[in-house]
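Below is one structure, written out as structure tokens; the observations come after it.
Predicted model, so just to flag it, every value in this text is computed and none were measured.
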Number of protein chains: 2
Amino acid sequence: MPYDPSAFPPFAVTVDLVVLTVRRHALCALAVRRGESPYQGRWALPGGFVRGDEDLATAAARELAEETGLHAHDPAGPVLPNAAHLEQLATYGDPKRDPRMRVVSVAHLALAPDLPAPRAGGDAHSVRWAPVEDLLDQEVGYGREGEQAAPLAFDHARILADGVERARSKIEYSSLATAFCPQEFTVGELRRVYEAVWGVALDPRNFHRKVTGTPGFLVPTGGTTTRQGGRPAQLFQAGGATLLNPPMLRPEA
Amino acid sequence: MPYDPSAFPPFAVTVDLVVLTVRRHALCALAVRRGESPYQGRWALPGGFVRGDEDLATAAARELAEETGLHAHDPAGPVLPNAAHLEQLATYGDPKRDPRMRVVSVAHLALAPDLPAPRAGGDAHSVRWAPVEDLLDQEVGYGREGEQAAPLAFDHARILADGVERARSKIEYSSLATAFCPQEFTVGELRRVYEAVWGVALDPRNFHRKVTGTPGFLVPTGGTTTRQGGRPAQLFQAGGATLLNPPMLRPEA
DNA sequence: CTGTTTATCGTCAAGCAGACGACTATGATC
DNA sequence: GATCATAGTCGTCTGCTTGACGATAAACAG
């Protein structure tokens, strides 16, 4: 049977990105300010149309590079300095999610280390890192200093919440928390990542025992650093293990 | 800025279903035989186009009902007799995955109890439950009795593998295994579900202690049954808990 | 009645997690 | 330079969970 274009309704397909990082002890997401209607002036997740000859993962990696300058981490390739973890999150296709037309958005989740330089390709007025708490708690509508208190555009609050939940659960049983760290990092820095993502305090001694005792999680690089103050700490890299067994336990409550 | 149809390439959007059940000690998936080109005569996952005014979850539930007569389980609604668990799995959008046109498929995962009656809406020649092992091990190409040994159509082997992996991991930390059981079931039946999905043997005594000791997982209905032979077993229903803490541990290997 | 099957309860040792004490090595402050 | 604050690292102890497995219970088949 030949291809019959009338047999299916046409959709626009986009990728939206939940890009997370840990800055100053807080889990932050990348937000862009919309320059056009609908939701003009509101904050939204970065994203864009999938091109006609482009895979979904490719489109997400392209958008990520355009917005942040980060490369998607290729497990097969070499360890790049500016590499972020990128994975598909979920797909959102409510018929009314975009008032203009029928858009299906394949959301992706990216985890990036704290970027020393601001991202490329956007001016400071239209792109920012915002604490996810601020972005999600804006249903009632008040920012701290007359800041933009409107909720995220479209269904992006839901997408962001799903992405944050994915990140929170995935660092339990995988080594993904290292994606938030620079290439070399200390146990304390890794612990602060867990604390920021989970929003809890962890016992430094038990945490240290756990992560250094899990084979393949961390490999020492030999160096030490004192950038956090206090006694110098050993530097580590992410080891080859991707799944943690047994997992890190997220405290109750 | 008004809606500009030329600004994005049109896509067809479909839902494909990985419907799993446990039959005769084996994890089985629903497969349909393709009646048309491409891949005519090959087995594929059930699925179809998303309609113009339909949500993705709605489309998946509609396809599920059309193929199996099962309802998608609504957590808010009453417990229906023929209810299956349904969740979004992942989205597949390789530009070449369908030779006819650009199709993005939002795969969903459904977990159903073993259906006493064959499914409605399809004749026996074009729909069947097949052990996932058979469906996935056909890359080399030989079935047991001259059976259809060709691999699944399109990228459906990959989708099925992803769905199976999701199910395998999700029954570890959630109560989803009960979705494979009838409304009332015994601990032994639940154990056989785990054994079939994971492909391992579990100690009946430790399993019994674990599931009956996890609060909210199982609630006794008071009845007993002897349908498995041997000493009568207590009947249970799924309790309210959806997350198991601590999780069921899948044996190493 | 005896053997088989399945369910259920108990015991024990090993391992892990949470609570927390103690010590170490830095920089900051007086 | 002594003291303090900070952060890192090593231990100890206790309770809980797990995995291995013995023992008993209640049905059915011969």
Using whole Å, report how far CG of B/Leu249 lies from C1' of D/dT17. 9 Å
May I have the distance from B/Leu244 (atom CG) to D/dT17 (atom C1'), rounded to whole angstrom? 15 Å
Partner residues of A/Arg158 under the salt bridge (Lys or Arg N to Asp or Glu O under 4.0 Å) criterion, sequence neighbours left out: A/Asp162
Could you check how far CG of B/Leu202 sits from P of D/dC21, rounded to whole Å? 15 Å
Measure from the side-chain heavy atoms of A/Pro246 and tell me the nearest of C/dC16, D/dC10, C/dT8. C/dC16
Considering residues at least two apart in sequence or located in another chain, which fulfil the side chain to side chain donor-acceptor pair (under 3.5 Å) criterion with A/His108? none
Quickly work out the A/Gln228 CD to D/dT9 P distance and round it to whole Å. 12 Å
A/Phe236 ring center near A/Phe185 ring center (under 6.0 Å): no
Assign B/Arg227 to base, sugar-phosphate, or nothing according to its heavy-atom contacts below 4.0 angstrom with the strands shown. nothing
Does some side-chain heavy atom of A/Leu111 sit less than 4.5 Å from a side-chain heavy atom of A/Thr21? no
Rounding to an integer number of Å, can you tell me how far B/Leu190 CG sits from C/dT8 P? 12 Å
The criterion is salt bridge (Lys or Arg N to Asp or Glu O under 4.0 Å); which residues satisfy it with B/Glu184, sequence neighbours excluded? none
So if I apply the side chain to side chain contact (heavy atoms under 4.5 Å, CB included) rule between B/Val164 and each of B/Ile159, B/Leu135, B/Val132, which one comes out positive? B/Val132
Sorted by position of nearest nucleotide on DNA chain C, 5' first, the leading residue of A/Asp203 and B/Phe236 is B/Phe236
Please say whether the positively charged group of A/Arg128, taken as NZ for Lys or CZ for Arg, lies over the ring of A/Trp43, i.e. under 6.0 angstrom from the six-membered ring centre and within 45 degrees of the axis. yes
Using whole Å, what does the distance between atom P of nucleotide C/dC9 and atom CG of B/Asn206 come to? 13 Å
From OH of B/Tyr194 over to P of D/dG19, roughly how many Å is that when rounded to an integer? 13 Å
Can you check the A/Arg250 CZ to C/dG18 P distance for me, whole Å? 13 Å
For the side chain of B/His208, starting at C-beta, report the closest nucleotide among C/dT8, D/dT9, C/dG18. C/dT8
Could you tell me whether the side chain of B/Glu195 reaches within less than 4.5 Å of the side chain of B/Trp198, counting heavy atoms only? no
Under the salt bridge (Lys or Arg N to Asp or Glu O under 4.0 Å) test, which residues partner A/Lys210, sequence neighbours left out? none
Within residues 209-225 of chain B, which residues have any heavy atom lying less than 4.0 Å from an atom of DNA chain D? B/Arg209, B/Lys210
In 5'-to-3' order, the base (B), backbone-only (S) or no-contact (-) status of each nucleotide in nucleotides 21-30 of chain C, using a 4.0 angstrom heavy-atom cut-off, is BB-BBB----
